[in-house]
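Because only heavy atoms are used, hydrogens play no part in the values below, and waters and symmetry mates are left out as well, while side chains stay in.
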Number of protein chains: 2
Amino acid sequence: MQEGTETSSGHPQETRPKAELAWDVYAKSCPTRVLLDRIADKWTVLLLTTLKGGPMRFNALKRRVEGVSQKMLSQTLRQLERDGLVSRSVEATVPISVTYAITPLGQTLVAALQPMVDWAESRMPDVVEAQVAFDRRASLT
Amino acid sequence: MQEGTETSSGHPQETRPKAELAWDVYAKSCPTRVLLDRIADKWTVLLLTTLKGGPMRFNALKRRVEGVSQKMLSQTLRQLERDGLVSRSVEATVPISVTYAITPLGQTLVAALQPMVDWAESRMPDVVEAQVAFDRRASLT
DNA sequence: CCGTATCCCGACAGATACTG
DNA sequence: CAGTATCTGTCGGGATACGG
């Protein structure tokens, strides 16, 4: 396994064994970074919001999200399970079936993310407008 | 320039010219992904919250954030400026001086991000606890 | 059906050196 | 001081194939 296995580091691309300060990103205790690394994950939010609608099986999720590879799906789900945001239950049917569900903790996260989503929906036009203006200015240089 | 130059695509790693559906990540209009790509950016939130405390010069920011390279700093700042979240003003002093400040729009984003930050601070212990439990279970396999 | 293991490429961060 | 240019290594993550 190549990625997503670090136990508690939190620095995705730490490649400096020499420095003793090891650039603790901003302050001594900045839990924001840790959370951010999770949210930054391409599929985390998508899966969490999807599971908010109710428990789902692996392949159902795969179909619903559509674009996620098996690798990323299982990888992300395991991450989420490890973080206690999603629960995994196995039923010993003939072809084994696994169901994923959002946990209460996961629900609180989704709720906390809502203002961000709302912001995106209401303010994104402003951002796009700003981008267009910026690009126009840049292009006529 | 190699990265962060795409004008309106929004898909960071689109490498499939064949498919006509081109996996629009989840739904037809999902501004969440666009915003997420911005927030996922390693330094965006950090810079935004730093600038919330008041305007700053380039090197001042570089010192304050500590860990960011010139490249990533200038790159991220330009992104933020393009998105209309940060403003850039140049004073023609002898050694030129440039000041960055957060815009009103940027402030609304920071505000919208606050619940997420609060969540991180209050619930992160739960997450860490879940991780420890998960890893214990995994290790004794 | 539910994953894990392997291969491989492109994106992107960091370091360094140079310019206005 | 405020950047840009380039080079390089590392890692995310898609495709594929295989195991329980």
Side-chain angles (χ1 to χ4, degrees), chain A residues 1-6 9-19 22-23 25 33 37-38 40-44 46-47 55-63 65-81 88-100 138 141, chain B residues 1-6 9-19 22-23 25 37-38 40-44 46 55-63 65-79 81 86 88-100 138 141:
Chain A
M1 193 171 297
Q2 179 188 184
E3 63 265 343
T5 322
E6 86 291 353
S9 76
H11 293 317
Q13 282 176 221
E14 176 65 280
T15 357
R16 307 194 300 181
K18 48 175 179 177
W23 71 280
V25 205
R33 281 286 335 136
D37 286 346
R38 205 94 311 158
D41 222 75
K42 197 169 188 174
W43 309 107
T44 306
L46 234 34
L47 287 177
M56 270 197 189
R57 303 262 301 274
F58 186 87
N59 278 336
L61 277 169
K62 187 164 180 297
R63 268 187 300 274
V65 173
E66 187 180 9
V68 68
S69 60
Q70 296 160 347
K71 179 183 174 182
M72 291 321 296
L73 183 54
S74 102
Q75 196 173 290
T76 308
L77 283 171
R78 196 167 340 112
Q79 270 285 337
L80 291 173
E81 189 195 0
R88 189 185 111 117
S89 53
V90 183
E91 287 130 285
T93 53
V94 183
I96 194 173
S97 60
V98 183
T99 307
Y100 294 90
T141 304
Chain B
M1 193 173 296
Q2 179 188 184
E3 63 261 344
T5 321
E6 86 289 351
S9 78
H11 293 318
Q13 283 178 222
E14 176 65 279
T15 358
R16 306 194 299 180
K18 47 176 179 174
W23 70 280
V25 205
D37 286 346
R38 207 95 312 159
D41 222 75
K42 198 169 187 175
W43 308 108
T44 306
L46 234 33
M56 269 196 189
R57 303 263 301 274
F58 187 87
N59 279 336
L61 276 168
K62 187 165 182 297
R63 268 186 300 275
V65 172
E66 186 179 12
V68 69
S69 61
Q70 294 161 347
K71 181 184 172 180
M72 291 320 296
L73 183 54
S74 100
Q75 197 172 290
T76 308
L77 283 171
R78 197 166 341 110
Q79 270 284 340
E81 189 196 358
V86 156
R88 190 185 110 117
S89 53
V90 184
E91 287 129 284
T93 53
V94 184
I96 195 173
S97 59
V98 183
T99 307
Y100 293 90
T141 305

Using atom CD1 of A:Ile96 as one end and atom C1' of D:dG19 as the other, report the distance to the nearest whole Å.
-> 13 Å
Taking only N and O in the side chain of B:Arg78, is any of them less than 4.0 Å away from OP1 or OP2 of D:dT4?
-> yes
Report the nucleotide, chosen from D:dA2, D:dG14, C:dC2, that has the shortest atom-to-atom distance to any side-chain atom of A:Val98.
-> C:dC2
Axis-to-axis angle for the helix from C:dC1-D:dG20 to C:dG20-D:dC1, ends of five pairs each, to 10°, equals 40°
With respect to the phosphate group of D:dT4, does any side-chain polar atom (N or O) of B:Ser74 fall under 4.0 Å of OP1 or OP2?
-> yes
B:Met72 has an atom CE; how far is it from atom P of D:dA2, in whole Å?
-> 19 Å
Taking atom NZ of A:Lys62 and atom OG of A:Ser69, what is their separation to the nearest 0.5 Å?
-> 8.0 Å
Do the side-chain N or O atoms of A:Arg57 get closer than 4.0 angstrom to the phosphate oxygens (OP1, OP2) of C:dC1?
-> no
pair B:Arg63-B:Asn59: side-chain heavy atoms closer than 4.5 Å | yes
Distance, rounded to the nearest Å, where A:Asn59 contributes CG and C:dT4 contributes C1' = 14 Å
Of all the heavy-atom pairs spanning B:Pro95 and B:Thr93, show the shortest one and how long it is.
-> O-OG1, 2.6 Å
When you check the phosphate oxygens OP1 and OP2 of D:dC1, does a side-chain N or O of B:Tyr100 lie under 4.0 Å from one of them?
-> no
Round to the nearest Å and state the distance from B:Lys62 atom NZ to D:dT4 atom C1'.
-> 15 Å
For A:Lys71 and D:dG13, give me the distance from atom NZ to atom C1', rounded to whole Å.
-> 5 Å
Is A:Phe58 close to A:Leu77 at the side-chain level, that is, under 4.5 Å between some pair of heavy atoms?
-> yes
OP1 or OP2 of C:dA13 sitting under 4.0 Å from any side-chain N/O of B:Gln75?
-> yes
How close or far is atom P of D:dG3 from atom CZ of B:Arg63, stated in whole angstroms?
-> 14 Å
Quick note, B:Ser69 side chain, CB onward, closest among D:dA2, C:dC1, C:dG14 is C:dG14
Whole Å only: how far is the CD atom of A:Gln79 from the P atom of D:dG13?
-> 11 Å
Least distance between heavy atoms, B:Thr76 atom then B:Met72 atom | OG1-O, 2.6 Å
Indicate whether the side chain of A:Thr99 and that of A:Glu91 have a donor and an acceptor atom separated by less than 3.5 Å.
-> yes
Would you call B:Leu61 and B:Leu73 a side-chain contact if the rule is heavy atoms closer than 4.5 Å?
-> yes
Please state how far atom CD in A:Gln70 lies from atom P in C:dT4, giving the value in whole angstrom units.
-> 10 Å
